[in-house]
Student: 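Structure in structure tokens, see below.
Bear in mind that the values here come from a model prediction, so they are computed numbers and not experimental data.
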Amino acid sequence: MTKLSVNINKIATLRNARGGNIPNVVEAAKKIESFGGQGITVHPRPDERHITYQDVRDLSPIVKTEFNIEGNPVAKFINLVLEAKPAQVTLVPDAEDAITSNAGWNTIKNKEFLQEVIQEFKNNGIRTSIFVDPDKKMIEGAVETGAERIELYTEAFAVKYAKGDKTGVEPYKKCATLAHQLGLGINAGHDLSLENINYFKDNVPYLDEVSIGHALIAEALYIGLEKTIEKYLELLK
Ligand SMILES: CC(=O)[C@@H](O)[C@H](O)COP(=O)(O)O
Ligand SMILES: NCC(=O)COP(=O)(O)O
């Protein structure tokens with residue numbers, strides 16, 4: 001079974017639009033868990049445009065499933081993660097001004113840096129995952145960093161799938177098989193949705209977990225959060 005971790009960034013985006021506390025991200029996380037969500041993902045960005053550092057501190061004691069914090073491991077982020085002690089940290093090489101995550105790590109060029117950061121998280125009992133493009137060389141490089149998992153960056157698959165081109169899944173199949181052979185766990189995320197998740201899941205082996213936010217929160221506007229989560233869980237069985 002592939003676990004569903006719900007990314008709640010967009011709930012914070014809505015809250016921040018008015019500056020108050022509606023919707024409340026802590027209450028939303030509790031509801032998501034009560035609806036069957038198997039994890040909560042947040043991606044605090046340096047400008048705190050959605051999830052704030054304080055949100056991470058508030059969520060940390062209340063998340064009962066798997067708490068996953070994503071971000072670029074700059075000093076401020078590392079300190080926050082060490083304080084929050086989530087089950088998993090996902091390292092993403094996103095630039096400060098990027099509108100959203102737009103590339104995976106070059107695991108070869110950044111090997112020493114990643115080894116150092118990953119070791120620090122491991123010493124603190126936090127599972128590490130690194131965001132990578134579906135490129136075999138980057139998967140081989142990921143093993144060298146000491147990360148326990150990779151998160152396959154699924155935007156390229158999602159873009160092709162939306163155009164009716166199902167071949168976009170091929171590199172993901174190959175990379176997931178290789179990653180599994182090399183002993184890595186496999187997560188995936190970015191632009192996954194009710195439209196494409198079933199095809200991805202059925203075609204990519206050894207998928208431990210997907211984190212889904214943007215589409216899931218948008219879909220919930222039409223059919224409600226509970227029903228949306230139910231549908232994902234059914235498609236991920
Ligand atoms: C790491 C990743 O894939 C991103 O999808 C991310 O977590 C979403 O971030 P935004 O909500 O800021 O677009
Ligand atoms: N790691 C990917 C994630 O958490 C959610 O990405 P998206 O569904 O908001 O594109």
Student: Ignoring hydrogens and geometry, is there a side-chain-to-backbone donor-acceptor pair from K227 to Y222 under 3.5 Å?
Tutor: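 Not a single qualifying donor-acceptor pair exists.
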Student: Which atom names give the shortest non-hydrogen contact between G224 and T228, and what distance separates them?
Tutor: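 That would be O-OG1, 2.5 Å.
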Student: Can you name the closest pair of heavy atoms from S211 and E70 and give their distance?
Tutor: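 Smallest interatomic distance, heavy atoms only, reads OG-OE2, 3.7 Å.
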Student: Is it true that a side-chain atom of E209 and a backbone atom of K3 form a donor plus acceptor pair closer than 3.5 Å?
Tutor: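 Answer holds: no.
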Student: Counting C-beta onward and ignoring hydrogens, is there a side-chain heavy-atom pair between V92 and H43 closer than 4.5 Å?
Tutor: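 V92 reaches H43 side chain to side chain.
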Student: Rounded at 0.5 Å granularity, tell me how far OG1 in T154 sits from CG in N196.
Tutor: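 Atom-to-atom, T154:OG1 and N196:CG are 7.5 Å apart.
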Student: Would you say that more than 12 heavy atoms from the other residues, nucleotides or ligands in this model lie under 6.0 Å from the CG of L221, or not?
Tutor: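 It does: L221 CG has more than 12 such atoms within range.
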Student: Indicate yes or no: at least one non-hydrogen side-chain atom of Y232 is less than 4.5 angstrom from one of L194.
Tutor: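 Touching, per the 4.5 Å side-chain cut-off.
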Student: Can you confirm whether E148 sits close enough to T128 that some side-chain heavy atom of one is under 4.5 Å from a side-chain heavy atom of the other?
Tutor: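 In short, these two side chains touch, coming nearer than 4.5 Å.
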Student: Side-chain donor-acceptor pair under 3.5 Å between H214 and K10, yes or no?
Tutor: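 Present: a donor and an acceptor within the cut-off.
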Student: Going through the checks in order, is the salt bridge (charged side-chain N to carboxylate O under 4.0 Å, His left out) test met by K231 and E219?
Tutor: CA-CA 11 Å; K231 282 181 179 257; E219 289 149 355; over 6 Å; no
Student: Same cluster or not: I8 versus L14, using hydrophobic residues (I, L, V, M, F, W, Y) connected whenever any side-chain heavy atoms lie under 4.5 Å apart?
Tutor: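 Not linked; separate clusters.
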Student: Atom CD1 in I197, atom CG in L235: separation rounded to 0.5 Å?
Tutor: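 If we round to the nearest 0.5 Å, I197:CD1 and L235:CG are 8.0 Å apart.
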Student: Which distance, rounded to the nearest 0.5 Å, do you find between the OG1 of T177 and the OH of Y172?
Tutor: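 Taking OG1 in T177 and OH in Y172, the distance rounds to 14.5 Å.
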Student: Around atom CD of Q54, are there more than 12 heavy atoms of other residues, nucleotides or ligands at under 6.0 Å?
Tutor: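 Yes - once you tally the heavy atoms of other residues, nucleotides and ligands closer than 6.0 Å, there are more than 12.
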Student: Tell me whether V74 shares a hydrophobic cluster with F121, the cluster being built from Ile, Leu, Val, Met, Phe, Trp, Tyr side chains joined at under 4.5 Å.
Tutor: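 V74 clusters together with F121.
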Student: For the hydrophobic clusters of this structure (ILVMFWY residues joined by side-chain heavy atoms under 4.5 Å, transitively), does one cluster hold both V6 and M1?
Tutor: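 Different clusters.
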Student: Tell me if a side-chain donor or acceptor on T2 pairs with a main-chain N or O of L207 at a distance below 3.5 Å.
Tutor: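 Yes.
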Student: Quick one: does I108's side chain get under 4.5 Å of K137's, heavy atoms only?
Tutor: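 The answer is yes, as the side chains (C-beta and beyond) meet within the 4.5 Å cut-off.
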Student: Using only atom types and a distance under 3.5 Å, with no angle test, would you say the side chain of N16 pairs donor to acceptor with the backbone of G19?
Tutor: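 Between the backbone of G19 and the side chain of N16 there is no qualifying donor-acceptor contact (under 3.5 Å).
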Student: Under a 4.0 Å N-O cut-off, is there an ion pair linking R45 with D97?
Tutor: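 D97 and R45: not salt-bridged.
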Student: Does atom NZ of K31 have more than 12 heavy-atom neighbours from other groups under 6.0 Å away?
Tutor: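 No, because the 6.0 Å sphere around NZ of K31 holds 12 heavy atoms or fewer from other groups.
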Student: What are the two closest non-hydrogen atoms of L233 and Q38, and how far apart are they?
Tutor: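 So the minimum-distance heavy-atom pair works out to CD2-OE1, 3.5 Å.
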Student: With side chains defined as the heavy atoms from C-beta onward, is the minimum distance between T90 and I69 less than 4.5 Å?
Tutor: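 In short, these two side chains do not touch, never coming nearer than 4.5 Å.
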Student: Say whether V159 and L152 are linked into one hydrophobic cluster, either directly or through other cluster members, by side-chain heavy-atom distances under 4.5 angstrom.
Tutor: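 In one cluster with V159: L152, no.
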Student: So does K237 get a backbone contact from the side chain of K201, meaning a donor-acceptor N/O pair under 3.5 Å?
Tutor: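 Indeed, once roles are kept as given, a pair shorter than 3.5 Å links the two residues.
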Student: Can you tell me how far the CZ atom of F131 sits from the CG atom of N187, to the nearest 0.5 Å?
Tutor: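 One gets 11.0 Å once the value is rounded to the nearest 0.5 Å.
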Student: Under 3.5 Å, side chain of N110 to main-chain N/O of T107, donor-acceptor pair present?
Tutor: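 Absent.
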Student: Find the distance between CD (E120) and CD1 (I118) and round it off to the nearest 0.5 Å.
Tutor: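 Separation between the atoms: 12.0 Å.
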Student: For the residue pair Y206 and H180, does the interplanar ring angle fall in the parallel (under 30°), tilted (30 to 60°) or perpendicular (over 60°) class?
Tutor: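 Y206 and H180: parallel rings.
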Student: Should the heavy atoms of other residues, nucleotides or ligands under 6.0 Å from CD of E170 be counted, would the total exceed 12?
Tutor: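 Yes, CD of E170 has more than 12 neighbouring heavy atoms, counting only those of other groups under 6.0 Å.
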Student: Might you point out which heavy atoms bring Q88 and I126 nearest each other, and give the distance in Å?
Tutor: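 Of all heavy-atom pairs spanning Q88 and I126, the closest is C-CG2, 4.0 Å.
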Student: Test your reading of the model: is there a side-chain donor-acceptor pair from S60 to the backbone of A84, 3.5 Å cut-off?
Tutor: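 Such a contact is found between S60 side chain and A84 backbone.
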Student: Look up atom CG in L91 and atom CD1 in I150, then write down how far apart they are to the nearest 0.5 Å.
Tutor: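 Answer for the CG-CD1 pair, L91 versus I150, is 13.5 Å.
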Student: Could you tell me whether the side chain of D135 reaches within less than 4.5 Å of the side chain of P171, counting heavy atoms only?
Tutor: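 Sidechains of D135 and P171: no contact.
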Student: Assess whether a salt bridge exists between K30 and E27, defined as any Lys/Arg side-chain N lying under 4.0 Å from an Asp/Glu carboxylate O.
Tutor: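 Counted as a salt bridge, because a side-chain N and a carboxylate O are separated by less than 4.0 Å.
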Student: Can you tell if the side chain of D133 reaches within under 4.5 Å of the side chain of W105, non-hydrogen atoms only?
Tutor: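 No, every pair of side-chain atoms sits at 4.5 Å or beyond.
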Student: Quick check against the 3.5 Å criterion: does S101 have a side-chain atom that pairs as donor or acceptor with the backbone of D94?
Tutor: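 No: the side chain of S101 does not pair with the backbone of D94.
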Student: Does some side-chain heavy atom of T100 sit less than 4.5 Å from a side-chain heavy atom of H190?
Tutor: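 Answer yes - side chains close enough.
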Student: Of all heavy-atom pairs between I229 and L4, which one has the smallest distance, and what is that distance?
Tutor: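 What the structure gives for the nearest pair is CG2-CD2, 4.2 Å.
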Student: Is a side-chain donor or acceptor of T145 paired with a backbone partner of L114 at a separation under 3.5 angstrom?
Tutor: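 Flag not set: sc T145 to bb L114 has no pair under 3.5 Å.
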Student: Do the ring planes of F157 and F200 sit parallel (below 30°), tilted (30 to 60°) or perpendicular (above 60°)?
Tutor: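 Taking F200 first and then F157, their aromatic rings sit tilted (interplane angle of 30° to 60°).
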Student: Carefully, step by step, assess T41 and N7 under the rule side-chain hydrogen bond (donor to acceptor under 3.5 Å, both in side chains).
Tutor: CA-CA 4 Å; T41 289; N7 182 317; 5.6 Å; no
Student: Please determine, by modelled atom types, if Q119 and N123 share a side-chain donor-acceptor pair under 3.5 angstrom.
Tutor: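 Short answer, yes.
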Student: Would you name the heavy atoms of V26 and L59 that are closest together and state the gap between them?
Tutor: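 Shortest heavy-atom contact: CA-CD2, 4.0 Å.
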Student: Determine whether a donor-acceptor pair (N or O, by modelled atom type, separation under 3.5 Å) exists between the side chain of K76 and the backbone of P73.
Tutor: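 Such a contact is absent between K76 side chain and P73 backbone.
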Student: Within a reach of under 6.0 Å around CD of E155, are more than 12 heavy atoms found that belong to other residues, nucleotides or ligands?
Tutor: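 Buried by this count: over 12 neighbours within 6.0 Å.
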